[in-house]
Amino acid sequence: MIDPDGYRPNVGIVLLNRERQVFWAQRVNNDGWQFPQGGMRTDETPVEAMYRELQEETGLLPSHVELLGSTPGWLRYRLPRKYQRHFSKPLCIGQKQVWFLLKFLADDSAFSLTLTESPEFSNFRWVDFWYPAENVIRFKRRVYRRALSLLEPMVDEPLPERLQTK
């Protein structure tokens, strides 16, 4: 599903643990790391897509998390030309995303990265809240900074002082 402007509707997930760290996952067959994210189906709301993607990519169920909030409206990023699938019609030039902040309520044994035939991630770790904004692939950095800036006030306890500077 591509909108008239060439953007694929998508959801992004920031999963926060009790230590105020975020879930950071390594892509399968790739040295890239990112937050869980995925495309929306035509019959889904952003919240429904978020819970589906959460389960597909991490194995977590709604009972493993608490929804703290989401970004208002869509955040967009363009794909570099080399990542665009020029043979696909309509051409997807980027993603438009609603980002969700989830509080992780379980322990790490709840994760299962291999629930689907084509897993997205091979590994994960917990990192400081702002770490992903500087360590995701370059073309996603602006949208990561924006999403984290919008979601940070929804963290139910203050982040450590050293993480509040941007």
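Residue numbers start at 1 and run along the sequence shown. The figures that follow rest on heavy atoms only: side chains count, while hydrogens, waters and symmetry mates do not.
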Does Leu60 belong to the same Ile/Leu/Val/Met/Phe/Trp/Tyr cluster as Leu67, with side-chain heavy atoms less than 4.5 Å apart forming each link?
yes
Decide yes or no for Tyr83 and Cys92: does some side-chain heavy atom of the first lie under 4.5 Å from some side-chain heavy atom of the second?
no
Taking atom CZ as the centre, does Arg146 end up with more than 12 heavy-atom neighbours from other residues, nucleotides or ligands that are less than 6.0 angstrom away?
no
Do Leu75 and Leu79 sit in one hydrophobic cluster, given that two such residues count as connected whenever their side-chain heavy atoms are within less than 4.5 Å of each other, even indirectly?
yes
Pair Trp24 + Phe35: ring centers closer than 6.0 Å:
yes
Residue list, side chain to side chain contact (heavy atoms under 4.5 Å, CB included) with Glu56, at least two apart or on another chain
Arg41, Arg52, Glu53, Thr116
If you define the side chain from C-beta out and look only at heavy atoms, does anything of Ile13 sit under 4.5 Å from Met50?
yes
Any side-chain donor near an acceptor of the partner, Tyr131 and Arg125, under 3.5 Å
yes
Once rounded to the nearest 0.5 Å, what's the spacing between atom CG of Leu54 and atom CD of Gln37?
13.5 Å
Taking the side chain as every heavy atom from C-beta outward, state whether Phe139 and Tyr77 have any atom pair closer than 4.5 Å.
yes
Close aromatic pair by centroid cut-off 6.0 Å: Phe23 and Phe104
no
Using a 4.5 Å cut-off on heavy atoms from C-beta on, say whether the side chain of Leu102 contacts that of Leu16.
no
Assess, by modelled atom type and distance only, whether the side chains of Trp33 and Asn123 contain a donor and an acceptor separated by less than 3.5 Å.
no
Report yes or no: do Val14 and Met154 belong to one cluster of Ile/Leu/Val/Met/Phe/Trp/Tyr joined by side chain heavy-atom distances under 4.5 Å?
yes
Between Tyr144 and Trp130, does the ring centre distance come in under 6.0 Å?
no
Considering residues at least two apart in sequence or located in another chain, which fulfil the side-chain hydrogen bond (donor to acceptor under 3.5 Å, both in side chains) criterion with Gln26?
none
Listed partners of Arg27 passing side chain to side chain contact (heavy atoms under 4.5 Å, CB included), at least two apart
Asn30, Gln34, Glu120, Phe121
